[in-house]
Amino acid sequence: MNKKFLLFAAIMLLLGGGASAKDYVLTSPNGNLRVGISNGVTISVCQQGSELFSVKAALNGMEGKVTGMSTAKVQREHIVSPFYRQPQFTTAYCQANVKLGGGFGLHVRAYDEGVAYRFYTTRRGETVVKDETAVFAFPEEANAWLSYSTNAEKPFAMAFQNTYHETLLRDARPLPAFLPATVDCGSAKVTILESDLRAYPGMFLKADGDQLTAVFAPYPKTMDYYKWRGMSFVSETEDFIAKSTGARTYPWRVMAITEHDCDMPTNNLVYALATPNQIGDTSWLKPGKVAWDWWNDWNLRGVDFEAGINTATYKYYIDFAAKQKLNYVVLDEGWYDSSKGDIMNPIAVIDLQELIDYGRKKGVDIVLWTVFNVLDEHLDEACRKYAAMGVKGFKVDFLDRNDQTAVEMAERIAVHCAQHRLMLDYHGFYAPTGMSRTYPNIMNYEGVFGMEECRWAKKDTDMPRYDVTFPFIRMMAGQVDFTPGAMRNGTKENWVECYQNPVSMGTRCHQAACYVVHDSPFTMLCDAPTNYEREPQYTQFIAQIPDQWDETRVLQGQLGQYIVTARRKGDVWYVGGQTNWDERTIDLPLSFLADGNYFVTLLTDGINAGHNAEDYRFGRQTCGSADKLTIRMASGGGFVLKIGKINSVDHF
């Protein structure tokens with residue numbers, strides 16, 4: 001059905017279809033967004049009187065006849081958000097409760113920052129969802145940013161890692177794209193996300209003309225195992241997508257609406273719509289930085305032992321972490337025989353208890369890598385054993401799907417680990433859906449085309465462009481486990497693929513800026529300790545950048561071009577900037593600072609960074625809130641500023 005006809009029909013219903021306008025219209029608290037809800041169910045969204053988009057929604061093919069609707073006054077919610085981009089925030093919305101008959105209904109919310117809806121059922125028995133319809137209709141010639149599945153044959157089985165394809169929506173590839181996805185509607189960008197995904201499959205989108213249509217992974221019927229890693233996969237599926245018993249709500253379908261690109265990375269709707277904290281006390285959880293082994297291939301040099309997956313190597317990582325005041329060392333794949341899924345027994349050359357005790361003495365904790373289904377199959381005994389030994393958490397990898405049973409597994413692991421005071425880093429995972437609000441022990445998520453790609457990428461892979469695209473889109477969903485920190489850096493011309501000794505795309509300062517630009521409370525220093533030790537001033541600088549923040553602002557930026565993010569911890573500000581392969585000079589007003597005199601430490605691209613991406617320089621000067629800094633970023637470049645009041649000299 002043509003979008004314009006849908007909108008016309010909705011407006012006709014609102015204006016004269018037998019129900020008063022107030023029964024079928026919802027307005028955002030500031031009045032800028034107007035949401036029409038009509039039989040169908042069609043939800044049409046207008047911004048300041050102009051149409052943006054519409055959504056045709058249904059569950060199990062229901063006709064969706066509206067049998068009644070009630071609305072509430074503006075609801076305000078103060079949300080405590082540990083380990084998020086700020087420790088707390090307040091949100092406001094207007095909500096409609098739409099009765100649909102047959103034991104189903106629909107909640108619709110209008111926020112100033114976007115619109116969300118979710119189905120619910122009051123049925124007592126079993127409900128099998130054969131399919132859910134969500135058809136998003138956009139203006140003609142709309143531009144879109146889509147991340148397609150990397151598995152054309154089995155599109156629902158992949159790691160949710162791809163760059164964004166920027167395209168006219170009508171020219172998009174006929175492949176399912178995973179969330180989030182952004183569409184430019186002219187006056188504003190609309191980003192489609194989901195929140196409170198529980199016991200239900202995650203949403204994919206498939207382009208069809210000027211529309212995006214939701215598709216979902218079917219419910220697994222039988223599972224099988226790959227010969228490596230003990231990893232399970234879906235071998236046969238049912239003819240439905242979800243099943244449940246009794247009354248329940250379904251996931252929120254979120255349409256974040258942003259007039260300015262700089263508002264995108266700090267949109268809080270996904271977090272705000274999720275179920276509140278279910279684990280209680282979070283004081284035992286500790287974010288922090290990690291000395292990481294896998295990306296640098298255990299590539300130590302100048303040591304008097306054979307580097308690799310062994311006790312001596314990990315003691316070296318612990319010593320490095322302690323010196324730099326890093327909180328953790330992750331033992332990535334290899335500490336147990338992953339080909340057998342033998343999570344309960346470390347390999348012979350790893351004395352795990354010795355490493356845990358050694359780290360404890362130096363203030364460094366151990367986190368263990370594993371595969372999702374392997375942990376799940378040993379969940380109680382693994383949690384009991386490793387928590388008792390002193391392990392602080394798991395990096396859980398290779399879920400590589402988001403059907404209902406996968407989502408249930410992720411929640412089951414979160415609940416059980418919280419009971420044993422174990423935190424989690426979800427790798428090989430779909431984009432966040434608010435689970436870190438529900439289970440704050442999930443500290444970070446991958447679902448991003450991160451640094452690991454540089455180990456096997458091809459030269460035409462445009463990582464710098466992706467690096468200034470995903471913070472605007474993917475980071476709206478939540479934290480990113482991008483794993484930055486490369487010490488070998490390449491320009492567009494001289495970057496080379498190297499698995500054993502990998503090289504990042506872009507400059508050293510581009511890497512450093514990740515620690516400010518990214519929402520990442522559990523983040524890696526991905527390179528080898530011996531590489532960092534050769535450059536102590538730089539290493540100390542990135543190591544002391546905070547992992548928790550009191551305030552986050554995006555000061556400048558344009559999707560796919562560049563980004564400048566400012567974050568405050570106490571009375572100290574950090575500003576990180578990144579550009580794509582275009583060299584760029586920016587003027588940065590310091591008006592975000594309070595009155596007073598400040599020291600600023602500048603880490604910027606060196607004058608020769610366009611030729612040698614590892615070139616950088618440190619500078620220092622005084623400044624005030626009325627000043628403006630002019631900063632040059634090389635091709636693929638970046639910068640980091642640390643700004644503190646002159647009377648806080650202990651910070652510098």
Side-chain angles (χ1 to χ4, degrees), residues 159 220 223-234 279 284-286 290-294 298 308-315 317-318 327-361 364-401 405-429 439 441-444 446 481 522:
M223 305 294 294
D224 205 344
Y225 289 87
Y226 292 119
K227 293 181 179 179
W228 63 94
R229 296 194 179 103
M231 176 184 169
S232 64
F233 67 93
V234 178
I279 70 171
W284 56 273
L285 287 162
K286 182 175 69 175
V290 181
W292 188 38
D293 53 3
W294 181 86
W298 300 265
I309 304 173
N310 56 51
T311 299
T313 298
Y314 283 118
K315 281 189 173 181
Y317 278 76
I318 290 170
N327 305 87
Y328 298 98
V329 169
V330 165
L331 275 60
D332 214 285
E333 183 171 13
W335 71 271
Y336 71 86
D337 188 345
S338 57
S339 67
K340 297 178 181 178
D342 189 14
I343 188 178
M344 299 308 299
N345 297 291
I347 60 175
V349 293
I350 292 285
D351 189 328
L352 183 57
Q353 189 63 67
E354 182 180 352
L355 290 174
I356 293 167
D357 294 341
Y358 185 76
R360 184 185 293 118
K361 292 176 183 177
V364 178
D365 289 317
I366 299 297
V367 171
L368 300 175
W369 175 95
T370 187
V371 173
F372 267 93
N373 64 277
V374 172
L375 177 58
D376 189 53
E377 290 160 9
H378 301 82
L379 191 52
D380 185 67
E381 59 178 335
C383 286
R384 288 183 184 275
K385 175 179 179 175
Y386 292 118
M389 289 178 69
V391 168
K392 294 303 180 182
F394 293 108
K395 176 183 175 181
V396 198
D397 206 349
F398 292 108
L399 183 64
D400 289 4
R401 56 192 181 94
T405 63
V407 171
E408 289 171 333
M409 186 195 306
E411 183 165 0
R412 183 165 57 246
I413 289 172
V415 170
H416 213 83
C417 284
Q419 291 169 353
H420 292 272
R421 295 201 162 192
L422 293 164
M423 72 176 189
L424 293 162
D425 177 15
Y426 276 176
H427 224 61
F429 199 75
Y439 304 106
N441 58 316
I442 306 176
M443 197 64 65
N444 214 346
E446 193 182 24
D481 192 14
F522 182 79

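Sequence positions, counted from 1, serve as the residue numbers for this chain.
L399 places none of its side-chain heavy atoms less than 4.5 Å from the side chain of I413. The side-chain heavy atoms of I318 and I366, taken from C-beta on, include a pair separated by under 4.5 Å. Residues Y336 and V374 are in side-chain contact: their nearest non-hydrogen atoms beyond the backbone lie under 4.5 Å apart. Looking only at side-chain heavy atoms (C-beta outward), L422 and W284 stay at 4.5 Å or farther from each other. Looking at H378 and T370, their side chains never come closer than 4.5 Å, going by heavy atoms from C-beta outward. Residues I350 and Y314 are in side-chain contact: their nearest non-hydrogen atoms beyond the backbone lie under 4.5 Å apart. Side-chain contact between F522 and V367: present, with at least one pair of heavy atoms (C-beta onward) separated by less than 4.5 Å. Counting only heavy atoms from C-beta outward, the side chains of K395 and W294 never approach each other to under 4.5 Å.
Taking all atoms of both residues into account, the shortest heavy-atom contact from M344 to P346 is O-CD, 4.0 Å. Here the shortest heavy-atom pairing between G390 and R360 reads CA-NH2, 3.7 Å. Nearest heavy-atom pair across M389 and I356 is O-CG2, 3.2 Å. A418 and I279 make their closest contact through CB-CG2, 3.6 Å (heavy atoms, listed as atom of the first residue, atom of the second, distance). The two atoms that bring Y426 and A410 nearest to each other are OH-O, 2.7 Å, heavy atoms only.
To the nearest 0.5 Å, atoms CH2 (W298) and CD1 (I309) are separated by 4.0 Å. One finds the CE atom of M409 at 7.5 Å from the CD atom of E377 (value rounded to the nearest 0.5 Å). Of the inter-residue distances, the one linking F394 atom CZ with M423 atom CE reads 11.5 Å to the nearest 0.5 angstrom. Atom NE2 of residue H416 and atom CG of residue L424 lie 11.5 Å apart, to the nearest 0.5 angstrom. For the atom pair CD of E354 and CG of D357, the computed distance is 8.0 Å after rounding to the nearest 0.5 Å. Atoms CG and NZ, on D351 and K315 in that order, are 8.0 Å from each other to the nearest 0.5 Å.
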(request) Report the C-alpha distance between K286 and Y328 in whole Å, list the side-chain angles of each, state the deciding distance to 0.1 Å, and finish with yes or no for side chain to side chain contact (heavy atoms under 4.5 Å, CB included). (result) CA-CA 10 Å; K286 182 175 69 175; Y328 298 98; 3.5 Å; yes
(request) Evaluate the criterion side chain to side chain contact (heavy atoms under 4.5 Å, CB included) for residue pair L355 and L331; output intermediate values, then yes/no. (result) CA-CA 10 Å; L355 290 174; L331 275 60; 4.2 Å; yes
(request) Dump the intermediate steps for side chain to side chain contact (heavy atoms under 4.5 Å, CB included) on L368 and L352, then the final yes or no. (result) CA-CA 10 Å; L368 300 175; L352 183 57; 4.0 Å; yes
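At least one donor-acceptor pair under 3.5 Å links the side chain of E446 to the backbone N or O of G428. For the pair N310 (side chain) and V349 (backbone), a donor-acceptor distance under 3.5 Å is absent. Between the side chain of N373 and the main chain of G230, a donor-acceptor pair closer than 3.5 Å is present. Checked by atom type and distance alone, the side chain of E333 never pairs as donor or acceptor with a backbone atom of W369 at under 3.5 Å.
Ion pairing between a basic and an acidic side chain is recognised when a charged N comes within 4.0 Å of a carboxylate O; R229 and D397 show no such pairing.
At most 12 heavy atoms of other shown residues, nucleotides or ligands fall within 6.0 angstrom of atom NZ in K340. The environment of R384 atom CZ is sparse: at most 12 non-hydrogen atoms of other residues, nucleotides or ligands sit within 6.0 angstrom.
Between W228 and Y226, the two ring planes are parallel [angle under 30°; tilted spans 30° to 60°]. Under the 30°/60° scheme for interplanar angles, the aromatic rings of F429 and F372 are found to lie parallel.
In this structure D400 satisfies the side-chain hydrogen bond (donor to acceptor under 3.5 Å, both in side chains) test with no other residue, sequence neighbours excluded.
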